[in-house]
Amino acid sequence: MKNITELKGDWNEQKGKLKQKFAWLTDDDLLFAEGKKDEMLGKLQIKLGKTKEELHQVIESL
């Protein structure tokens, strides 16, 4: 998984790609707030039915 600076730096691009791949994701699901990274990733895990490792692979493959 990218470090927090890398993820934050290109998050808008990643967010767009995730919304294309998983159309049912909302802006609220993809809200990246400082200090809330783990909370956001947990929501995505639940919504997408992916394990933590699978979710990291999805994000890294974008």
Side-chain angles (χ1 to χ4, degrees):
M1 182 77 179
K2 297 178 178 185
N3 72 39
I4 191 77
T5 306
E6 292 172 327
L7 186 60
K8 188 175 179 184
D10 63 356
W11 184 243
N12 285 332
E13 181 181 341
Q14 300 296 348
K15 182 168 63 171
K17 290 178 181 179
L18 281 168
K19 285 174 81 172
Q20 287 176 352
K21 189 169 186 162
F22 304 102
W24 59 90
L25 292 176
T26 66
D27 286 333
D28 285 342
D29 294 328
L30 299 167
L31 183 62
F32 187 87
E34 195 69 36
K36 300 283 187 171
K37 174 186 164 198
D38 290 332
E39 183 179 328
M40 180 200 64
L41 292 174
K43 284 183 186 178
L44 289 176
Q45 280 180 256
I46 292 167
K47 191 132 188 187
L48 298 176
K50 304 268 185 210
T51 66
K52 187 175 185 177
E53 292 78 22
E54 290 170 329
L55 183 59
H56 288 280
Q57 289 175 347
V58 167
I59 292 172
E60 287 178 6
S61 72
L62 298 176

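- Applying the side-chain contact (heavy atoms from CB on, under 4.5 Å) test to Q57 and every residue at least two apart in sequence or in another chain returns nothing.
- To the nearest 0.5 angstrom, K17 atom NZ is 5.5 Å from Q14 atom CD.
- The distance from the CG atom of L18 to the CD atom of E13 is 11.0 Å, given to the nearest 0.5 Å.
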(message) For a side chain to side chain contact (heavy atoms under 4.5 Å, CB included) check, start with the C-alpha distance between W24 and L48, then their side-chain angles and the critical distance, and finish with the verdict.
(response) CA-CA 9 Å; W24 59 90; L48 298 176; 3.7 Å; yes

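- The shortest non-hydrogen separation linking Q45 to L55 is CG-CD2, 3.7 Å.
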(request) Given side chain to side chain contact (heavy atoms under 4.5 Å, CB included), test L44 with K50 step by step and report yes or no. (result) CA-CA 8 Å; L44 289 176; K50 304 268 185 210; over 6 Å; no

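- At a threshold of 4.5 Å between side-chain heavy atoms, the hydrophobic network of Ile, Leu, Val, Met, Phe, Trp and Tyr places L31 and I46 in two separate groups.
- Identified under the salt bridge (charged side-chain N to carboxylate O under 4.0 Å, His left out) test for residues 18-33, with sequence neighbours left out: K19-D27, D29-K47.
- Taking CD from E60 and NE2 from H56, the interatomic distance works out to 8.0 Å, rounded to the nearest 0.5 Å.
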